[in-house]
Visitor: 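Dropping a structure here in structure tokens format, bear with me for questions.
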Amino acid sequence: MKGSPRSVWLSMTNRAANQAVGFWSGLFTAAAKRNQAAMLNAMTKPTKAKTRSKTTRTPKKKGH
């Protein structure tokens, strides 16, 4: 095997660190795209007019 044990160990740790960075950056990128799409949808959809419900009246008291 070429290289000293230290250089082999360093190359393995660098590779593992780069893989971890790639994994986490992929998750962050996906979350950012998801949030951006949700925000864009919320901004472009027309708002619906709220209708007043008929159930807002107070109930009648019993015995009166």
Visitor: Out of S4, S11, P5, which one pairs with S7 under the side-chain contact (heavy atoms from CB on, under 4.5 Å) rule?
Guide: S4

Visitor: Give me the other members of the hydrophobic cluster that F23 sits in, counting Ile, Leu, Val, Met, Phe, Trp and Tyr linked by side-chain heavy atoms under 4.5 Å, directly or via other members.
Guide: W24, L27, F28

Visitor: In Å and rounded to the nearest 0.5 Å, what is the CE to CZ distance from M12 to R15?
Guide: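 The CZ atom of R15 is 10.5 Å from CE of M12, to the nearest 0.5 Å.
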
Visitor: Under a single-linkage rule joining Ile, Leu, Val, Met, Phe, Trp and Tyr whose side-chain heavy atoms are separated by less than 4.5 Å, which residues share a cluster with L10?
Guide: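 Under the 4.5 Å side-chain rule, L10 groups with W9.
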
Visitor: Hey, could you give me the CG/CG distance between N35 and L40, rounded to the nearest 0.5 Å?
Guide: 12.5 Å

Visitor: For Q19, does the CD atom sit with more than 12 other heavy atoms under 6.0 Å from it, leaving out its own atoms?
Guide: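 Enclosed: over 12 neighbouring heavy atoms sit under 6.0 Å from CD of Q19.
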
